[in-house]
2 protein chains.
Amino acid sequence: MAGRNLDGPEADALDLGAVFRALADEHRRSVMTELATDRSDSERGCNSFDLPISKQTQTHHFRVLREAGLIDEIDYGNRKGIRLRRADIEKRFPGLLALLGAGPPADTAPR
Amino acid sequence: MAGRNLDGPEADALDLGAVFRALADEHRRSVMTELATDRSDSERGCNSFDLPISKQTQTHHFRVLREAGLIDEIDYGNRKGIRLRRADIEKRFPGLLALLGAGPPADTAPR
DNA sequence: CTTCAAGTACGACTTGCATCGTACCTGAAG
DNA sequence: CTTCAGGTACGATGCAAGTCGTACTTGAAG
């Protein structure tokens, strides 16, 4: 089974502080909002999020999300897959992902 | 007019980023967890939270919570009251306060 | 009035974190 | 093999944020 190659915390070990810290950043939150909104939960590429930051910084942000237990990173060598850990998050923090969709009332200008 | 003396954002203007940033700090989150757990929603004193930090830093943290729209601060001159804005938070971000109670399974050792 | 405790304002210090530059690794395509 | 794009590792930098020291304000108690 091509599970998660890169290690993240177990479902029961998710820390609320790490989660809030991860979601405090605008870029990371936009990624999580996209993942939470897409109910298909399909594996996505790293550059499918259109982040206005450099590659190194993207690597940093995805690492933070993974270490917080929010996503899985599947390493293919020269390519990487991103997948939301929806079941684990919902089990540990039910309703959290729904909050991401209820962000700004009308505008989405991240600024 | 014993409302809120110090200004905070309206219920509809609560920003998810500011909320997550406010809850990212251990001390502020412990305060919010206490407030969210106490269903009486009674007004509390600032020093009733037993924070291991100086007065000036407490002032700073309560200001952040107020500017995020999470609490009201009632100024009595030489005394200050803290009250959770439960209705506004639940209206804007339903389920958020429930997450605070589901923090760590058993321990709250910050460091 | 004076005294005192609670809280704030301002500033300084220190840590954390987001960001990027350079160099290196990996796998696919020629 | 070489080339190239995607990704990572390490280090440096700049800014935001947490913390506290000093001084000031406020209201109650004496």
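Below, chains carry the letters A, B, ... as their sequence lines are ordered, and counting in each starts from 1.
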What is the distance, rounded to the nearest whole Å, between atom [atom1] of [X] and atom [atom2] of [N]?
{"X": "A:Q58", "N": "D:dA9", "atom1": "CD", "atom2": "P", "value": "15 Å"}
{"X": "A:E26", "N": "D:dA16", "atom1": "CD", "atom2": "P", "value": "14 Å"}
{"X": "A:L51", "N": "D:dG7", "atom1": "CG", "atom2": "C1'", "value": "15 Å"}
{"X": "B:R44", "N": "C:dG7", "atom1": "CZ", "atom2": "P", "value": "13 Å"}
{"X": "A:D75", "N": "C:dA28", "atom1": "CG", "atom2": "P", "value": "12 Å"}
{"X": "B:K80", "N": "C:dA5", "atom1": "NZ", "atom2": "C1'", "value": "15 Å"}
{"X": "B:R79", "N": "D:dT26", "atom1": "CZ", "atom2": "P", "value": "18 Å"}
{"X": "B:R29", "N": "D:dG18", "atom1": "CZ", "atom2": "P", "value": "12 Å"}

Please tabulate, for side-chain N and O atoms in residues 31-38 of chain B, each donor-acceptor pair with protein atoms closer than 3.5 Å (sequence neighbours left out).
from	atom 1	to	atom 2	distance (Å)
B:T33	OG1	B:R29	O	2.7
B:E34	OE1	B:R44	NH1	3.1
B:E34	OE1	B:R44	NH2	3.0
B:T37	OG1	B:T33	O	2.6
B:D38	OD1	B:S40	N	3.2
B:D38	OD1	B:S40	OG	2.9
B:D38	OD2	B:S40	OG	3.0

*Can you get from B:L23 to B:V64 by hopping between Ile, Leu, Val, Met, Phe, Trp and Tyr side chains that sit under 4.5 Å apart?*
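No.
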*Applying the 4.5 Å side-chain criterion to the ILVMFWY set and letting contacts propagate, would B:L97 and B:I71 be lumped into a single cluster?*
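Yes, B:L97 connects to B:I71 through the hydrophobic network.
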*Has the side chain of A:E73 got a donor or acceptor atom that lies under 3.5 Å from a matching backbone atom of A:G81?*
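A pair under 3.5 Å: no.
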*Could you run through nucleotides 12-26 of chain C and give me one letter per nucleotide, 5' to 3': B if any protein heavy atom sits under 4.0 Å from the base, S if only the sugar-phosphate is that close, - if neither?*
-----SSBBBB---B
*asked:* Could you report the tightest heavy-atom contact between B:L84 and B:L70, atom names first, then the distance?
replied: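 It is CD1-O, 3.5 Å.
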*At their closest point, which heavy atom of A:R79 faces which heavy atom of A:D75, and how far apart are they?*
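Minimum heavy-atom separation between A:R79 and A:D75: O-OD1, 3.8 Å.
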_Is the phosphate of D:dA9 approached by A:R63 (side-chain N or O, under 4.0 Å from OP1 or OP2)?_
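So the side-chain polar atoms of A:R63 do come within 4.0 Å of the phosphate oxygens OP1 or OP2 of D:dA9, strictly under.
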